[in-house]
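This report concerns only the one structure given below.
These figures come from a predicted structure and were not determined experimentally. Values below: all heavy atoms of this structure, side chains included; hydrogens, waters and symmetry mates excluded.
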Amino acid sequence: MFRKEFADVISKTGMVPAKDLRPLLVDKKPGVISELSLLTLDFFDDIKFAKQLSQNHKLTFVDLSKAKIKESTIRLIRKSDAIKYRALPIQRTSSAVIVAIYDPTILDFKKELQTVFQSNVEFILTNVGSWKKIYERVTESIDELLQTIKEVKTDQLDSEEGDVREQDIGEDVISFVNKILAEAFIKKASDIHVENYEKLFRIRLRIDGALHELDRPPVKLMKPIISRLKILAQMDISEKRKPQDGRIKMSIGGNPIDYRVSSLPTLFGEKVVLRLLDQSNLQLDMTKLGFESKQLEIFKEGIHQPYGMCLVTGPTGSGKTTTLYSALADLNRVDKNISTAEDPVEFNLEGINQVNVRREVGLTFASALKAFLRQDPDIIMVGEIRDLEVGEIAVEAALTGHLVLSTLHTNDAPSTVTRLLNMGIEPFLVVGALNVVVAQRLCRKICLECREVVPTKKDELIACGIAPTSADKIKVYKGSGCVSCDNTGYKGRLAIYEVMTLTPMLKELILRNASADDIKKQAIKDGMKTLRMSALTKVAQGLTTLDEAIMNSASDKF
């Protein structure tokens with residue numbers, strides 16, 4: 001509804017006439033906080049506005065833009081209640097919950113909020129901008145999300161052909177599957193594993209790279225749950241003897257989620273794995289991926305060359321696709337023709353021609369690359385260089401005026417060169433085509449809610465690769481475990497990088513067919529920071545643990 005006092009205050013402060021605000025402060029949709037639209041107005045000064053309101057109502061004004069609020073405190077409120085009452089918990093004391101509001105009329109709902117928090121409530125007034133930043137951290141509960149789950153029907157072209165036969169699936173099974181999907185979304189899982197064994201049936205979520213088991217469902221639900229997932233993925237539920245692939249498109253909390261589904265026949269039934277692809281979580285800003293400033297400078301220089309090849313390497317699940325997509329987003333301009341061949345296309349990028357590889361119809365990486373070269377391309381991205389045929393076409397494209405982005409599975413950046421040579425690509429072609437190579441891994445981030453210093457011996461730090469002069473100054477942290485991180489001590493992941501550009505000395509070594517070790521030693525002399533060095537930098541910054549750093553750079557010898 002229109003908030004008259006808001007308009008009066010804004011009008012008195014000389015920002016804008018009240019009549020111009022009326023369309024903005026009318027709630028048009030349920031679940032939408034219309035007052036936040038004030039932040040889009042150039043003339044609106046939310047600090048000035050909030051201070052005037054605090055004087056009118058004799059409330060304490062606090063600018064919370066830099067406040068560190070615990071996740072466990074934010075979890076005290078459901079998203080629906082945050083929207084309803086325009087109120088957010090920012091601190092819990094032994095006697096009350098401190099609640100931030102930007103609208104003084106919420107004072108009339110004090111009793112209702114005391115029921116919500118099961119505690120006495122004290123109010124502070126903050127500016128709309130600060131409130132919005134805290135509100136963005138509020139997530140729906142599983143019960144709230146269950147009300148929002150919708151299946152998004154896909155076009156026949158998007159789905160795999162198969163004999164999908166509907167069967168009677170009970171409401172309890174449908175609800176159970178929806179609850180799994182909602183819980184995976186809330187916990188930001190990357191994969192869901194549904195597994196059968198002789199005497200048990202279990203479901204696990206991969207969160208921050210590690211698998212965590214959910215409460216085990218009854219064994220009798222095993223077949224109905226798997227059937228429900230296969231029906232959603234448009235797979236043949238009668239076929240249990242061979243692997244199948246499918247796709248589910250759902251909307252959860254208004255967020256479009258894509259699931260890549262794989263079934264595998266095992267000794268005691270089918271195992272189903274769902275990979276979650278959440279477009280809203282895709283990070284396309286290269287400055288936020290984890291590159292150090294010098295590394296990012298080298299990488300951007302490599303991808304902004306008019307031609308040549310830029311490769312990203314690392315094991316499955318190390319974030320290579322995110323790095324490539326961020327590079328494409330940086331390169332995506334109206335004057336560039338960009339085509340990609342992927343297996344499968346994970347996220348839709350507007351303005352880029354994306355091709356899904358389908359070997360069963362003869363559409364391979366090699367055939368897609370050949371077709372791209374007849375499509376007047378400027379930039380080509382191929383999901384992976386797997387063999388000599390793809391490698392040769394990619395190198396040829398890079399040498400004939402095209403920028404080529406791709407991935408390889410190697411342990412580090414220098415090994416990428418020897419891998420290309422071992423495929424059969426001539427050294428002079430590698431030297432001529434290659435701009436930059438990036439190796440990467442993902443480390444788990446320490447939970448900031450429960451982070452604490454861990455006493456670590458200087459000798460141990462030196463043995464890991466930290467310089468003796470720095471070992472005395474570094475504080476090593478770990479997470480002790482809390483509600484926010486489900487007692488794991490970790491929350492989220494960050495990337496560590498090794499960025500190698502081809503210097504004159506490296507080119508000379510490659511032409512002489514030098515070993516990966518020799519190439520690596522020279523690259524370090526030329527200024528390359530190895531995976532181990534990058535990981536230890538993150539340890540020194542208090543972002544990850546020493547164990548994570550060592551585990552994710554175990555192949556580093558230098």
Would you mind checking if K491 and E71 are paired as a salt bridge, meaning a charged N to carboxylate O distance below 4.0 Å?
-> yes
Carefully, step by step, assess L88 and V138 under the rule side-chain contact (heavy atoms from CB on, under 4.5 Å).
-> CA-CA 9 Å; L88 295 171; V138 179; 3.7 Å; yes
Exam field: side chain S470 to backbone I466, donor-acceptor pair closer than 3.5 Å | no
Can you check whether S326 reaches L289 side chain to side chain, under 4.5 Å on heavy atoms?
-> yes
Candidate pair E270 and K230, rule salt bridge (charged side-chain N to carboxylate O under 4.0 Å, His left out), full reasoning = CA-CA 11 Å; E270 289 178 282; K230 291 176 72 174; 2.9 Å; yes
Got a salt bridge between K529 and E292, using NZ or NE/NH1/NH2 to carboxylate O under 4.0 Å?
-> yes
Got a donor-acceptor contact below 3.5 angstrom from the H409 side chain to the G314 backbone?
-> yes
Any side-chain heavy-atom pair of T488 and I207 under 4.5 Å = no
Just by distance, do the side chain of R206 and the backbone of S190 share a donor-acceptor pair under 3.5 Å?
-> no
Counting N and O atoms only, with roles assigned by atom type, does the side chain of T73 sit under 3.5 Å from a partner on the main chain of I69, one being a donor and the other an acceptor?
-> no
Compute whether any side-chain donor of one residue and acceptor of the other, for E449 and S72, lie under 3.5 angstrom apart.
-> no
Would a 4.5 Å heavy-atom cut-off, applied to side chains only, mark Y490 and C447 as touching?
-> no
Rounded to the nearest 0.5 Å, what separation is found between the CD atom of Q295 and the OG atom of S293?
-> 8.5 Å
Would you kindly say whether E389 and T364 are connected by a side-chain donor-acceptor distance under 3.5 Å?
-> no
Checking side-chain contact (heavy atoms from CB on, under 4.5 Å) for the pair L311/T407: CA distance, chi angles, key distance, verdict?
-> CA-CA 5 Å; L311 299 177; T407 71; over 6 Å; no
Between K538 and A495, what is the shortest heavy-atom contact and its length?
-> CE-O, 3.9 Å
Are any of the side-chain heavy atoms of L276 and I192 separated by less than 4.5 Å?
-> yes
For residues T340 and F372, determine if any side-chain heavy atom of one lies less than 4.5 Å from a side-chain heavy atom of the other.
-> no
Does the pair D208/R444 count as a salt bridge with the N-to-O cut at 4.0 Å?
-> no
For residues L403 and Y307, determine if any side-chain heavy atom of one lies less than 4.5 Å from a side-chain heavy atom of the other.
-> no
Carefully, step by step, assess I385 and M309 under the rule side-chain contact (heavy atoms from CB on, under 4.5 Å).
-> CA-CA 12 Å; I385 295 177; M309 191 158 59; 4.2 Å; yes
Is there a donor-acceptor pair under 3.5 Å between the side chain of H402 and the backbone N or O of A397?
-> yes
Residue pair V382 / F365: nearest heavy atoms and the distance that separates them | CG2-CD2, 3.5 Å
I550 to C464 - nearest heavy-atom pair and separation | CD1-SG, 3.4 Å
Determine yes or no for a side-chain-to-main-chain donor-acceptor pair under 3.5 angstrom, with T537 supplying the side chain and M533 the backbone.
-> yes
Got more than 12 heavy atoms from elsewhere within 6.0 Å of NZ, K79?
-> yes
How long is the span from the CD1 atom in I248 to the CZ atom in R275, to the nearest 0.5 Å?
-> 15.0 Å
Answer yes or no: is there a side-chain heavy-atom contact under 4.5 Å between Y497 and L296?
-> no
Does one side chain, of T287 or D285, offer a donor that lies under 3.5 Å from an acceptor on the other?
-> yes
Does any N or O in the side chain of Q305 come within less than 3.5 Å of the main-chain N or O of E301, such that one atom is a donor and the other an acceptor?
-> yes
Out of curiosity, L349 CG to I338 CD1, how far, rounded to the nearest 0.5 Å?
-> 9.0 Å
Could you pull out the closest heavy-atom pair between Y477 and T545, with the gap in Å?
-> O-CG2, 3.6 Å
Counting only N and O atoms by type, is there a donor-acceptor contact under 3.5 Å from the side chain of N178 to the main-chain atoms of L181?
-> no
Just do the salt bridge (charged side-chain N to carboxylate O under 4.0 Å, His left out) check on E183 and K179 with the steps written out, would you?
-> CA-CA 6 Å; E183 188 164 357; K179 187 176 179 182; 5.9 Å; no
Non-hydrogen side-chain atoms of T501 and N435 separated by less than 4.5 Å = no
What residues form a side-chain hydrogen bond (donor to acceptor under 3.5 Å, both in side chains) with K271, not counting sequence neighbours?
-> H193, E195
Can you establish whether the number of heavy atoms outside D215 located under 6.0 Å from its atom CG is more than 12?
-> no
How long is the gap from OG1 on T544 to CE on M551, to the nearest 0.5 Å?
-> 8.5 Å
Residue pair I380, L369: steps toward the side-chain contact (heavy atoms from CB on, under 4.5 Å) verdict | CA-CA 8 Å; I380 294 170; L369 268 174; 3.5 Å; yes
Any donor-acceptor pair under 3.5 Å linking the side chain of N552 with the backbone of E548?
-> yes
Between D258 and N348: side-chain donor-acceptor atoms closer than 3.5 Å | no
Where does the angle between the aromatic ring planes of Y325 and F347 fall among parallel (under 30°), tilted (30 to 60°) and perpendicular (over 60°)?
-> perpendicular
Mind checking the CG-NZ spacing from L64 to K132? Nearest 0.5 Å is all I need.
-> 15.0 Å
Quick one: do the Q522 and D518 side chains pair a donor with an acceptor below 3.5 Å?
-> no
So which heavy atom on A433 is nearest to which on V395, and how close?
-> CB-CG1, 3.9 Å
Check V499 against F299 and note the closest heavy-atom contact, atom names and distance.
-> CG1-N, 4.3 Å
With distance as the sole criterion, is a donor-acceptor pair present between the side chains of Q440 and E498 under 3.5 Å?
-> no
State whether the side chain of D245 and the backbone N or O of S262 hold a donor-acceptor pair below 3.5 Å, judged by distance alone.
-> no
Which value, rounded to the nearest 0.5 Å, describes the distance between D343 atom CG and E346 atom CD?
-> 10.0 Å
